[in-house]
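Encoded as structure tokens, the structure appears first; notes follow it.
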Amino acid sequence: MTVRLGVTGATGRMGREVIAAAAGREDCEVAFAVNRDPAGETIEGVDIEPAAEFDSLVADREPAAVIDFTGPESAVDYARACADAGVAFVTGTTGFDDDEYEALEDASEEIPVLHAPNFARGVQALLNVVGEAVRNLPGYDVELVETHHNAKRDAPSGTANRLLEEIEANGDFGERVHGREGEAPRSESEIGVHALRAGNVTGEHEIVLADNHEEVRLTHRAEDRGVFAAGAVDAAVWIAGQKAGWYDFADVIGE
């Protein structure tokens, strides 16, 4: 059975990768792809259509799921339109504020919604082990450093925030300290967080745990955006058969 997909942000960094990933598979196809400024472009044989027509496209082309990598405001709008049309929604967009995140959760009452800050299987593996490392090394200093390309808008990254949540859930920590300047001695329970933005770096996350004359470093480095696109398409194909509710990438990996 071929799963029909809609793609938003089609001419962006990730939109192009998602279309290419879907084109290379036999179990899915792109029913439509939209962008705010389509400029008559075609990607992998798919005509890019205006984002303003999304509501009618999602109703007329009947995709099983929509994959979104845009911005928080547009992602919420797309999710609401998908909820109205009864179409599953997968988004890797990050930077949502509380109200926007709540709007996504509201959509999940009507349709299956999957949000993941990172669709790399290696990042999911890192999430699976970082909590165990923190539990096994109580009292160790923890620092997190993430690096992305110079056009990334949110900092820390969505992946970094998800890793921080996992760290905090498995240890006794105080505040997150974002960078340091001047006289800034480290407190015993703080987590240091550092966001680097440079060049075309696809994405790197490193967690450092240090004390007792030793250190442990857990690192994930993505060398190509294709790994995120492949995971997002995996998620869309999987979620097409699920009931309404809230999902994350761990649910896809677990099956």
Hydrophobic cluster mates of V193, side-chain heavy atoms under 4.5 angstrom, ILVMFWY only, any path?
-> V123, L126, L127, V129, V130, V134, L137, Y140, V142, L144, L163, L164, I167, F173, I191, I207, L209, V216, L218
Can you tell me if S157 uses its side chain to pair, donor with acceptor, with the backbone of A160 under 3.5 Å?
-> yes
What pair of heavy atoms forms the shortest contact from T202 to A222, and how long is it?
-> CB-O, 3.3 Å
Any side-chain donor near an acceptor of the partner, T147 and E204, under 3.5 Å | no
Separation of T94 OG1 from R162 CZ (nearest 0.5 Å) | 14.5 Å
Can you name the side-chain contact (heavy atoms from CB on, under 4.5 Å) partners of A59, sequence neighbours left out?
-> none
Any side-chain heavy atom of P156 sitting closer than 4.5 Å to one from H178?
-> yes
Whichever hydrophobic residues join V66 through chains of side-chain contacts under 4.5 Å | F32, V34, F54, L57, V58, V76, Y78, V87, F89, F96, Y101, L104, I111, V113, W246
Run the side-chain contact (heavy atoms from CB on, under 4.5 Å) check on F119 and F69 step by step: do they pass?
-> CA-CA 11 Å; F119 285 94; F69 285 91; 3.8 Å; yes
For H194 against G179, the heavy-atom pair lying closest together = ND1-CA, 3.7 Å
Measure the shortest side-chain to side-chain distance between D98 and E102 over non-hydrogen atoms and say whether it is less than 4.5 angstrom.
-> no
Separation of D68 CG from C82 SG (nearest 0.5 Å) | 8.5 Å
Neighbour count >12 (heavy atoms, 6.0 Å) for atom CG, D97 | yes
Around atom CG of D172, are there more than 12 heavy atoms of other residues, nucleotides or ligands at under 6.0 Å?
-> no
Between CE of M1 and SG of C28, what distance do you get to the nearest 0.5 Å?
-> 12.0 Å
Should the pair R217-E206 be classified as a salt bridge under the 4.0 Å nitrogen-to-oxygen rule?
-> yes
Would one find more than 12 heavy atoms of other residues, nucleotides or ligands at under 6.0 Å from atom CG of N150?
-> yes
Judged by atom type as modelled, is there a donor-acceptor pair below 3.5 Å linking the side chain of N136 to the main-chain atoms of E132?
-> yes
Let me have the donor-acceptor pairs involving side chains of residues 224-232, under 3.5 Å, with sequence neighbours excluded, atom names and distances please.
| residue | atom | partner | partner atom | Å |
| --- | --- | --- | --- | --- |
| D224 | OD1 | G226 | N | 2.6 |

Would R80 and D55 count as a side-chain contact (heavy atoms from CB on, under 4.5 Å) if you check the C-alpha gap in whole Å, the side-chain angles of each, and the deciding distance to 0.1 Å?
-> CA-CA 9 Å; R80 286 172 173 154; D55 289 18; over 6 Å; no
Starting at OG1 of T11, measure out to CG of N35 and round the result to the nearest 0.5 Å.
-> 3.0 Å
Other residues, nucleotides, ligands: >12 heavy atoms within 6.0 Å of E29 CD = yes
Tell me the salt bridge (charged side-chain N to carboxylate O under 4.0 Å, His left out) pairs involving residues 140-152, sequence neighbours left out?
-> D141-R186, E143-R180, E143-R186, E146-R197, K152-D154
Drop me the distance from R153's CZ to T93's OG1, to the nearest 0.5 angstrom.
-> 8.5 Å
Look at the side chain of R61 and the backbone N and O of A31, then say whether any donor-acceptor pair between them is shorter than 3.5 Å.
-> yes
Can you check whether R16 reaches E41 side chain to side chain, under 4.5 Å on heavy atoms?
-> yes
Within the side chain of E110, is there an N or O that forms a donor-acceptor pair under 3.5 Å with the backbone of A107?
-> no
Could you tell me whether E223 atom CD has more than 12 heavy atoms of other residues or ligands within 6.0 Å of it?
-> no
When rounded to the nearest 0.5 angstrom, what is the spacing between CD1 in I239 and OH in Y247?
-> 6.5 Å
Residues A210 and E215: closest non-hydrogen pair is CB-CB, 3.9 Å
Minimum-distance pair of heavy atoms, taken over all atoms of A10 and I43 | O-CD1, 3.5 Å
State plainly whether the residues R13 and E17 are in salt-bridge range, i.e. N to O under 4.0 Å.
-> no
More than 12 heavy atoms of other residues, nucleotides or ligands under 6.0 Å from CZ of R36: is that the case?
-> no
Contacts of type side chain to side chain donor-acceptor pair (under 3.5 Å), residue D106, not counting sequence neighbours = none
Which atom pair, heavy atoms only, marks the closest approach of I19 to A33?
-> CD1-CB, 3.9 Å
Within-4.5 Å side-chain heavy-atom neighbours: H148 and H205 | yes
Tell me yes or no: between the side chains of H115 and S108, is some donor less than 3.5 Å from an acceptor?
-> no
Give the C-alpha distance, both sets of side-chain angles, the deciding distance and a yes or no for side-chain contact (heavy atoms from CB on, under 4.5 Å) between V233 and I67.
-> CA-CA 8 Å; V233 174; I67 300 176; 4.1 Å; yes
Looking only at heavy atoms, what is the nearest atom pair of V237 and R25, with distance?
-> CG2-NH2, 3.9 Å
